[in-house]
Amino acid sequence: MKTIVHVIGARPNYMKIAPLIEALRTGSPFRQILVNTGQHYDEMMSQAFVRDLGLPTPDYDLGVGSASHAVQTARIMIEFEKVCLAERPDLVVVVGDVNSTVAASLVAAKLLVPVAHVEAGLRSGDRTMPEEINRIVTDRLSELLLTPSSDGNQNLLAEGVPTEKIHLVGNIMIDSLLQHLPLATLDRLRGRVAVEPDGYALLTLHRPSNVDNIDVFRRILAAIATIAEQLPVVFPVHPRTRERMREFGLATGLANMTLTDPLGYIDFLSLTSHARIVLTDSGGLQEESTALRIPCLTLRDNTERPITVTHGSNQVVGTDTGAILAGFRRAMSPAGPVPRPDLWDGHTAERIAHVLCKFLAN
Ligand code: UD1
């Protein structure tokens, strides 16, 4: 029996792997091994997602934890090599663009184990973002490049990737979103977050370029303070952001804002799906808001997900206070209905399973 090893490690990975494991469980003859690197380790950054998404208990927990990029990537490589030597996989599946993604790909490629990259081909063109380096390297090393949208195919072809390695499969995160949407109600949050449907803005911030720089962070919060005069703001705070707010003394005087700890997958989806508007520097949330047709302001200078702008209601507004507020005013005026991007239909996992089965059959 052939073996597939799936790698997860950080919060944005879990919802991309869960539907695939399920599709392969019901529709294929493979042994599946789940490896959790432990890049994220707090209950609400990791185990809560494993539970909410119905993932199996990981077969391996590498427990690498937080560290500098080099140390974290190296630790994952050292531990993941042991797993690969013990399990001798026929394929390693990696998702997204976090350090766990690139570390596992490097190990597998050097052991001559083919790598399948789910969410291949995304490019921001901004190499100051660690994720951009992770995307480029992972795609270079992968045998199967599974893209969420056609811009991914174009980027890979432009980099010289042979066309037969590239498979346009759609956005697997939207499989998880559509599956769990019926459970996403504001009632779940009663007693923790008091908001009305369509009556609040949802804010997330965690990029080092935004929260590690006090001037940028202040400019963003100045815009948020003005927005909060019109619309209550809910702000689930990432651990990195929480640390910086404490360090910079930014945690006080935030009127009409509800700050929470990080939330589990379904609680967070509940907040996203009922928000009037989303403000974020996350990649995944740009896509989730597009699928939900909720206006999104991306607080970055670029995006690796341009389809959320061309086929969604995302605006990439940067981090200047005035530009964020101008984007907010545009987003609050009614816009026409926007169709969901092609293949963001809840069936991406099945299409990926089909590609993997065909590949492993040969
Ligand atoms: C990582 C990913 C990023 C992704 C984000 C989602 C990389 C390079 N970055 O960034 O692409 O969007 O996850 O959250 O892979 N911490 C905790 N508990 C945890 C995890 C982190 O307290 O469970 C704190 C630690 O102080 C840590 C800091 O958050 O140093 C940053 O964590 P890290 O995993 O290095 O990067 P993220 O900013 O989470």
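Quantities reported herein were computed from a predicted structural model and do not represent experimental measurements. Remember, it's 1-based here, ligands and their atoms both numbered in the order they're listed.
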Ring-plane angle category for F248 and F217, please: parallel below 30°, perpendicular beyond 60°, tilted otherwise.
perpendicular
Report, one line per pair, each donor and acceptor closer than 3.5 Å where one atom sits in a side chain of residues 218-236; sequence neighbours left out.
residue: R219; atom: NE; partner: T319; partner atom: O; Å: 3.2
residue: R219; atom: NH2; partner: T319; partner atom: OG1; Å: 3.0
residue: T226; atom: OG1; partner: A222; partner atom: O; Å: 3.3

So for atom NE2, which belongs to H206, do other residues, nucleotides or ligands contribute more than 12 heavy atoms lying within a distance under 6.0 Å?
yes
So does R242 have more than 12 non-hydrogen atoms from other groups sitting under 6.0 Å from CZ?
yes
Which of these, E304, E159, Q154, R305, sits in a side chain to side chain contact (heavy atoms under 4.5 Å, CB included) with R123?
E159
From CA spacing to verdict: side-chain hydrogen bond (donor to acceptor under 3.5 Å, both in side chains), N134, D97
CA-CA 5 Å; N134 294 345; D97 55 16; over 6 Å; no
At a 4.0 angstrom heavy-atom cut-off, ligand 1 is contacted by R11, P12, Q39, H40, Y41, D42, M45, S66, H69, V98, N99, E131, H206, R207, H238, P239, R240, E243
